[in-house]
2 protein chains.
Amino acid sequence: MSEAFETADMRLMATEPSVSSRLLEMAEPTNEVDRIYSEIFDAVIDHRLLPGVKLTEAVLCDVFRCSRGTVRAALARLAHDKIVELLPNRGAFVATPDLKETRDVFEARRMVEGAILDKLLTLPDLSLRLLPLRQMVDEERAAFRRKDRVTWIRLSNAFHVQLAKLADNEVLTDLMRSLASRTSLIIALYDVPGRSACSFDEHERILASLDAHDRAGVLDAMNHHLQDCERRLRFDDDDTQADLRAVFNLKR
Amino acid sequence: MSEAFETADMRLMATEPSVSSRLLEMAEPTNEVDRIYSEIFDAVIDHRLLPGVKLTEAVLCDVFRCSRGTVRAALARLAHDKIVELLPNRGAFVATPDLKETRDVFEARRMVEGAILDKLLTLPDLSLRLLPLRQMVDEERAAFRRKDRVTWIRLSNAFHVQLAKLADNEVLTDLMRSLASRTSLIIALYDVPGRSACSFDEHERILASLDAHDRAGVLDAMNHHLQDCERRLRFDDDDTQADLRAVFNLKR
DNA sequence: TCAACACAAATTGTTAACAATTTTTGTACT
DNA sequence: AGTACAAAAATTGTTAACAATTTGTGTTGA
């Protein structure tokens with residue numbers, strides 16, 4: 001479904017040689033397949049690869065200088081965390097989450113991030129541990145001001161993952177990573193680019209309430225942040241077919 | 001680590017031709033690789049394949065009548081959800097979660113399952129939807145009485161997954177599946193087989209409190225259930241090397 | 001008796017080639 | 001014109017073979 005997107009030039013994935021792009025991903029890229037996996041993963045959550053784009057194996061082989069077996073394994077893993085869709089005999093596409101999935105992801109985030117905040121409030125030296133997070137928010141704001149959209153998106157996601165990391169629970173961290181990446185896909189699909197209500201302010205409020213040990217305040221801030229994010233989305237049209245028609249001013 | 005386990009005869013994985021074994025797994029086994037994946041997955045959480053067992057590619061090819069590429073992809077996915085460990089140039093082993101991972105998994109379960117129960121309490125027609133769960137608990141008890149350990153373990157896990165399914169959120173369901181499978185591995189490693197304190201009673205109490213809309217009661221029942229489960233574990237020795245010595249009555 | 005070394009067997013990592021399927025293109029027919 | 005059918009191109013699914021690494025075994029020497 002939705003092959004309306006053109007098979008974008010994937011050469012751009014090789015750009016941006018992962019300077020600080022290693023904020024949101026997993027362990028060490030020890031294997032070849034891990035490298036490919038991370039590379040594609042980052043490209044998707046950074047919105048350098050948009051939902052619906054076809055990921056042809058041969059092209060990926062060419063881009064990453066590896067054999068098809070390698071990209072195949074990487075694609076399988078990406079499919080397993082719902083970042084790409086794998087259609088039998090048809091190939092791999094960047095996933096296009098629908099309305100139901102969006103609801104599920106955001107509901108899960110409210111549950112999980114609420115629980116995480118609850119635990120953080122019990123931690124000693126919380127203020128101290130919050131410092132790197134504050135710096136991260138500053139970088140967010142800076143990236144937004146200089147209109148560095150990719151960095152901004154990346155940091156917005158990383159904020160939540162770093163927050164989860166403070167809870168010192170690898171299961172929750174991995175989960176948050178997964179939820180953040182899926183959220184990024186959702187935003188790429190349904191967010192109206194005009195009014196992106198500066199998430200860094202909301203992030204800052206979360207940190208402030210957290211620092212003040214204001215339980216009700218933190219939970220409220222997080223819930224509002226997530227609800228705002230979800231409310232910004234627009235699910236107007238059926239699918240991307242409509243976009244194509246709109247481009248050429250055709251009646252439906 | 002822990003090659004102390006013998007390379008168990010994996011032929012037994014082909015037995016038990018998945019009659020009702022499809023309780024805990026995912027979508028349709030459309031692909032060949034999905035089939036292998038599910039087969040190994042089920043074998044591990046059913047304790048037919050124990051932690052530490054080496055999963056040699058060639059043997060798996062022989063068992064499942066497929067090529068190495070297929071089992072390779074399946075193993076990669078299993079590694080991705082921490083069911084097997086993939087050591088470079090050494091091969092695949094059934095994972096052996098450690099103490100830290102155990103703590104993380106159980107903590108995550110308390111958080112997530114608590115949130116799930118909270119949502120279930122808001123659902124209409126809750127009593128009606130609970131009926132299949134009651135039946136499942138009955139089957140649990142029956143399996144326990146007739147000493148059908150595999151079915152009992154399977155149903156114990158399936159109970160929690162089915163509970164998550166009631167929340168009508170695929171993200172949470174997948175998460176619960178993952179947590180349950182990892183818990184099964186943990187139990188295989190550290191649970192003392194003697195005193196398995198009949199989880200079906202605790203499951204029943206959860207259902208009863210849920211049916212009565214007793215919020216505090218449900219949360220308490222679930223927390224106790226999980227805590228009991230975690231407390232039953234014994235992390236005496238360093239690793240399985242010790243087991244080997246114990247078997248042959250050797251001083252350390 | 002034990003350690004170090006070298007060789008052989010087994011296993012994994014990688015690549016290439018072939019078969020099966022789908023998608024596209026071209027042509028004929030109504 | 002537009003539809004239906006057929007061949008061709010492109011892409012995926014699968015298998016086999018080769019290279020690299022590790023593991024096990026046996027020998028030598030102190």
Side-chain angles (χ1 to χ4, degrees), chain A residues 1-10 27-40 49 52-80 84-95 240-241 244 250, chain B residues 1-10 27-40 49 52-80 83-95 240-241 244:
Chain A
M1 38 214 77
S2 83
E3 271 89 316
F5 290 102
E6 201 41 58
T7 314
D9 183 17
M10 279 181 270
E28 348 63 75
T30 167
N31 252 344
E32 184 80 350
V33 41
D34 286 340
R35 206 195 88 224
I36 316 288
Y37 171 85
S38 296
E39 211 90 43
I40 301 178
L49 276 178
V53 170
K54 171 97 196 267
L55 299 173
T56 305
E57 295 180 0
V59 180
L60 293 172
C61 294
D62 193 45
V63 172
F64 297 118
R65 306 297 180 78
C66 66
S67 83
R68 277 181 55 214
T70 310
V71 311
R72 219 142 210 289
L75 289 176
R77 279 174 51 185
L78 288 164
H80 199 243
V84 318
E85 201 174 357
L86 230 48
L87 304 181
N89 288 320
R90 303 265 321 274
F93 303 82
V94 178
T240 48
Q241 285 294 55
L244 242 194
L250 287 183
Chain B
M1 39 221 72
S2 85
E3 270 89 317
F5 289 102
E6 203 40 60
T7 314
D9 184 18
M10 279 180 271
E28 346 65 74
T30 164
N31 251 345
E32 183 79 351
V33 43
D34 287 340
R35 207 194 88 223
I36 316 289
Y37 171 85
S38 295
E39 211 89 44
I40 301 179
L49 277 178
V53 170
K54 171 98 197 268
L55 298 173
T56 305
E57 296 179 359
V59 180
L60 292 171
C61 294
D62 193 46
V63 172
F64 296 119
R65 307 296 178 79
C66 65
S67 84
R68 277 181 55 213
T70 310
V71 311
R72 219 142 211 290
L75 289 176
R77 278 173 52 185
L78 288 164
H80 199 244
I83 295 302
V84 317
E85 200 173 358
L86 231 48
L87 304 180
N89 289 318
R90 304 264 322 273
F93 302 81
V94 179
T240 46
Q241 287 293 52
L244 241 193

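Chain identifiers are assigned alphabetically (A, B, ...) following the order of the sequence lines, protein sequences preceding nucleic acid strands; residue numbering begins at 1 within each chain. Treat the numbers as computed from the prediction; the structure is a model and nothing was measured.
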Audit row: B:Ile83, B:Arg77, side-chain contact (heavy atoms from CB on, under 4.5 Å) steps and yes/no: CA-CA 9 Å; B:Ile83 295 302; B:Arg77 278 173 52 185; over 6 Å; no
Test item: A:Arg35 side-chain N/O and A:Phe64 main-chain N/O as donor-acceptor pair under 3.5 Å: yes
Atom of B:Ala73, atom of B:Val33 and distance for their closest heavy-atom approach: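 In this case the closest contact between B:Ala73 and B:Val33 is CB-CG2, 3.9 Å.
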Heavy-atom closest contact (A:Leu86 atom, A:Ala76 atom, distance):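 So the minimum-distance heavy-atom pair works out to CD2-CA, 4.2 Å.
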Stepwise side-chain contact (heavy atoms from CB on, under 4.5 Å) check, B:Leu60 with B:Ile36: CA-CA 9 Å; B:Leu60 292 171; B:Ile36 316 289; 5.9 Å; no
Side chains of A:Leu78 and A:Leu55 in contact at under 4.5 Å (non-hydrogen atoms):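 No - every pair of side-chain heavy atoms lies 4.5 Å or more apart.
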Sub-4.5 Å side-chain heavy-atom contact between B:Val59 and B:Lys54: no
With 3.5 Å as the limit, what N/O pairs link the protein to nucleotides 10-12 of chain D?
unit_1 : atom_1 : unit_2  : atom_2 : d
D:dT12 : OP2    : A:Glu57 : N      : 3.4

Overall bend - the helix from C:dT1-D:dA30 to C:dT30-D:dA1, comparing terminal axes fitted on five pairs, nearest 10 degrees: 10°
Pairwise distance NE2(B:His80) to NE2(A:His80) - rounded to 0.5 angstrom: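 Nearest 0.5 Å value for the NE2-NE2 distance: 8.0 Å.
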Atom-to-atom span, CZ of B:Arg65 to C1' of D:dT14 - whole angstrom: 17 Å
